[in-house]
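Everything on this sheet refers to the single structure shown next.
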Amino acid sequence: MLEVDKIDVSYGEVPALRQVSLRVEKGTIVSIAGANGAGKSTLLKTIVGYLTPRSGVVRLNGETISGLPAYQIARKRIALVPEGRGLFSDMTVEENLALGAYSVPDRGVIAKRRAWVYELFPRLSERSAQVSGTLSGGEQQLLAIGRGLMSGPEILMLDEPSLGVMPSFVDRIFEVLGEIRKSGTTILLVEQNVDRSLRMADYAYILQTGEVVLEGKGEALLKNDMVRHAFLGLA
Ligand code: ATP
């Protein structure tokens with residue numbers, strides 16, 4: 001279980017997160033929504049150790065991980081699929097997947113995971129020898145998720161996985177998130193597609209200018225007036 005406990009994060013003197021707390025229970029999908037600049041990416045970057053909170057702590061299964069360097073946190077089976085995907089564009093699909101598993105010593109485990117990723121995304125299997133820079137935007141997003149899965153994470157965090165992706169791929173991405181949850185992997189999801197992400201989420205948080213202003217079950221937040229007005233364009 002992942003627990004963020006009253007963290008404050010700043011860029012220089014400029015505060016980005018204030019007293020943010022959240023819990024992600026094992027085997028669930030937790031969604032974070034908020035307007036541009038609300039601090040969603042900052043929160044994910046703090047969890048993986050790219051940023052260190054000024055105060056407050058992040059715990060994984062009861063152990064404090066905030067303050068540890070990012071490479072040590074990565075070993076604790078938390079993977080981030082970053083916004084903008086972060087693929088190696090000169091490398092093939094297969095090579096990018098292999099890089100996702102660089103910390104896994106067992107070749108049998110790597111082969112099994114790769115087979116699972118190709119089963120989730122047959123389109124990647126067809127294109128395994130293609131250089132990733134020439135994939136479509138949607139295909140690159142599938143590859144970024146696949147690469148995140150190759151490390152065998154206990155918690156998979158995704159920053160805006162549907163951004164710039166055409167609708168048929170978005171459908172597949174959300175279906176796959178459901179399949180990943182079924183496999184026992186916990187998901188922390190930042191999404192601009194608030195309607196779909198709340199529908200999918202077991203629990204959700206709304207961030208506004210660096211603070212959690214609302215939290216609850218996904219279905220309940222979908223009925224909330226503020227959410228309907230601010231994110232769903234409904235009266
Ligand atoms: P978006 O949906 O637009 O990606 P977000 O909710 O992910 O937004 P963040 O990227 O976390 O928001 O940004 C939160 C605040 O911190 C913003 O005001 C942003 O300008 C600021 N910020 C983000 N990165 C930096 C940085 N490297 N240096 C200074 N300020 C930053």
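Order of appearance sets the numbers: ligands from 1, and atoms from 1 within every ligand. Just so you know, these numbers come straight off a predicted model, no measurement behind them.
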Numbering as shown, the atoms of ligand 1 that approach [X] to under 4.0 Å (heavy-atom distance):
| X | answer |
| --- | --- |
| A35 | 6 (O) |
| N36 | 1 (P), 2 (O), 3 (O), 8 (O) |
| A38 | 5 (P), 6 (O), 12 (O) |

salt_bridge([X], [Y]) N-O dist < 4.0 Å:
| X | Y | result |
| --- | --- | --- |
| K76 | E63 | yes |
| R181 | E179 | no |
| R196 | E191 | no |
| E219 | R199 | no |

- Query: Do you know which of R54, Q19, R18 makes side chain to side chain donor-acceptor pair (under 3.5 Å) with D8?
  - Reply: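 For D8, the side chain to side chain donor-acceptor pair (under 3.5 Å) test succeeds with only one of R54, Q19, R18, which is Q19.
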- Query: Can you name the nearest heavy-atom pair linking I29 to L177, along with the distance?
  - Reply: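 Heavy-atom minimum between the residues: CD1-O, 3.9 Å.
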- Between S132 and L143, which heavy-atom pair has the shortest distance, and what is it?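 Nearest heavy atoms, S132 then L143: CB-CD2, 3.6 Å.
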- Message: For ligand 1 and G39, I'd like to know whether there is a polar contact (N/O to N/O, distance under 3.5 Å).
- Response: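 Between G39 and ligand 1 (N or O atoms, distance only) the closest approach is under 3.5 Å.
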- Query: Are W116 and I155 connected in a single hydrophobic cluster, I mean Ile/Leu/Val/Met/Phe/Trp/Tyr linked by side-chain heavy atoms less than 4.5 Å apart?
  - Reply: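 No, it is not one cluster - the side chains of I155 and W116 are not joined through contacts under 4.5 Å.
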- Please check if a non-hydrogen protein atom sits closer than 4.0 Å to atom 23 (C) of ligand 1.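 Neighbour list for atom 23 (C) of ligand 1 includes protein heavy atoms (cut-off 4.0 Å).
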When you measure from [atom] to every protein heavy atom, which one gives the shortest distance, and what is it?
| atom | result |
| --- | --- |
| atom 10 (O) of ligand 1 | S41 CB, 3.7 Å |
| atom 31 (C) of ligand 1 | Y11 CD1, 3.2 Å |
| atom 2 (O) of ligand 1 | K40 NZ, 2.8 Å |
| atom 4 (O) of ligand 1 | E83 OE1, 3.7 Å |
| atom 15 (C) of ligand 1 | G37 O, 3.7 Å |

- Nearest heavy atom to atom 9 (P) of ligand 1: which of T46, T42, V9 does it belong to?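 Minimum heavy-atom distance to atom 9 (P) of ligand 1 goes to T42.
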- Where does E160 meet ligand 1, judged by heavy-atom distances below 4.0 Å: at the side chain, the backbone, both, or neither?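 Side chain only.
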